[in-house]
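In this text the structure is predicted, and so the values were computed from the model without any measurement. Lettering follows sequence order; numbering is per chain, from 1. Side-chain atoms are counted along with the backbone in the values below, which use heavy atoms only and exclude waters and symmetry mates.
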Protein chains: 2
Amino acid sequence: MVKNNCRRHGWWNIKFRGCGYRLTSGREAILDILSKSEGHLSAEDIYMKLHPKYPNIGLTTIYRTLDVLANLGLIFKFDFGDKRARYELAEGPKGAQHHHHLICTSCKRVIDYTDFIDEEVKLLNETEKGLCQKYEFKITNHLIQFYGLCKICAKR
Amino acid sequence: MVKNNCRRHGWWNIKFRGCGYRLTSGREAILDILSKSEGHLSAEDIYMKLHPKYPNIGLTTIYRTLDVLANLGLIFKFDFGDKRARYELAEGPKGAQHHHHLICTSCKRVIDYTDFIDEEVKLLNETEKGLCQKYEFKITNHLIQFYGLCKICAKR
DNA sequence: ATCCTATATGAAAATGGTTTCCATTAGCAA
DNA sequence: TTGCTAATGGAAACCATTTTCATATAGGAT
Ligand SMILES: [Zn+2]
Ligand SMILES: [Zn+2]
Ligand SMILES: [Zn+2]
Ligand SMILES: [Zn+2]
């Protein structure tokens, strides 16, 4: 019985090594925080959560690691208009399910929604197919966000 | 016969004044550049285009004006991942038609497409309706972008 | 277990798009 | 024309992110 996140057997070990990246304790710690946290974390959020237990992981490393993880497709990077990048674990083993975002332009609150996703994704796939053909563009990812006022900001 | 973009009769005069903003020559010049230019301009792009004819309009004013225009809904602000905001005239009188974007993650090229827009928008409207009800969220705008590799970057 | 080398790291400094400050100018209502 | 207030420009401040560079470490080879 192999423990699922054992240092040398975790499922992301393969992904890392396969792409020529080394598996370091810092990278594991960051991935761990991301998989345990709700919401959309900024680099500094992660630094804060990590610091008590790993006081020697610097902000620089967090930025670099987030970059690697995004390249590997393990996380997504978002811009919700609050002037700092936000990160979220991608779908997949242990990852969250596919969802899109509602963003309040007033208070910057972000709501994840999974309703309607199926229809949306179905249409997106068709659109993607058409766009690929017409523009010879190899689509790898999509972004859908709705902007407006949240419940609280609306009544004011 | 009233000239369409005469200083005091232009169609955006009303919009400005109605919201308590003053119509200044700088604002007109910026709006003018945006309506005459193809593509997705950054604040500095606009500054460069403006400078020869209006050497006394500063970058600061451009940023402030773009903010006002976005608030008025006259322009949209985008993040295409090249670390600077990009602006584009919204639909409407003299504005471009509604479109979405294909973004090359390698060379940052951006392709506007209008194909499939009708189906997309139709679905989006339904989704919006549902989301409004479920989350009591007042949706005012949406963003759809596809990421991938453009024709040129794909063959490498 | 030990070496070796390319990769990863942290601290500090640099970067650069955007915002803020403040003294001056200019819309526009009366 | 006058007066009040919003708008402006230049310089300085801001601040998330990136770069630099000397040091540490992962992990394949011995
Ligand atoms: Zn809100
Ligand atoms: Zn989310
Ligand atoms: Zn490209
Ligand atoms: Zn466009």
Can you find a side-chain donor-acceptor pair between B:His99 and B:Glu88 that sits under 3.5 Å?
yes

For A:Thr65 and for B:Tyr21, find the nucleotide of DNA chain C with the closest heavy atom, then tell me which residue's nucleotide is more 5'.
A:Thr65

Between B:Pro52 and B:Pro55, which heavy-atom pair has the shortest distance, and what is it?
O-CD, 4.1 Å

Mind calculating the distance between CG (A:Leu23) and P (C:dT7) to the nearest angstrom?
16 Å

Whole-Å distance between D:dA16 C1' and A:Leu41 CG?
16 Å

Which residues satisfy the salt bridge (charged side-chain N to carboxylate O under 4.0 Å, His left out) test with B:Asp112, sequence neighbours excluded?
none

Just by protein heavy atoms under 4.0 Å, how would nucleotides 13-19 of chain C read 5' to 3' in B, S and -?
----SBB

Determine whether A:Leu31 and A:Phe16 make a side-chain contact, defined as any pair of heavy atoms from C-beta on separated by less than 4.5 Å.
yes

Just how far, in rounded Å, is P of D:dA7 from CD1 of B:Ile62?
16 Å

Specify the residues of residues 48-57 of chain A, ordered by number, for which at least one heavy atom lies under 4.0 angstrom from an atom of DNA chain C.
A:Asn56, A:Ile57

Atom-to-atom span, CZ of A:Phe16 to P of C:dA6 - whole angstrom:
22 Å

Just call it for B:Arg64: base, sugar-phosphate, or nothing, with non-hydrogen atoms closer than 4.0 Å on any strand.
base

How far apart are the closest heavy atoms of A:Cys19 and A:Leu72, and which atoms are they?
SG-CD2, 3.4 Å

Would you kindly give the CZ-to-P distance between A:Arg17 and C:dA8, to the nearest whole Å?
12 Å

Among D:dT5, C:dA8, D:dT8, the nucleotide that comes nearest once only the side chain of B:Arg22 is considered:
D:dT5

Kindly indicate whether the side chain of B:Lys77, heavy atoms from C-beta on, has any atom under 4.5 Å from the side chain of B:Leu66.
no

Between atom CD in B:Glu28 and atom C1' in D:dT8, what is the gap in whole Å?
16 Å

Minimum side-chain heavy-atom gap A:Asp45-A:Ile33 below 4.5 Å:
no

To the nearest angstrom, how far is A:Tyr47 atom OH from D:dT17 atom P?
15 Å

Heavy-atom check, side chain of A:Ile144 versus side chain of B:His142, under 4.5 Å:
no

Quick check: do A:Tyr113 and A:Phe146 have side-chain heavy atoms less than 4.5 Å from each other?
yes

Taking only side-chain N and O atoms of A:Thr24, does any of them lie within less than 4.0 angstrom of OP1 or OP2 on C:dT9?
yes

Atom-to-atom span, CG of A:Leu66 to C1' of C:dA8 - whole angstrom:
15 Å

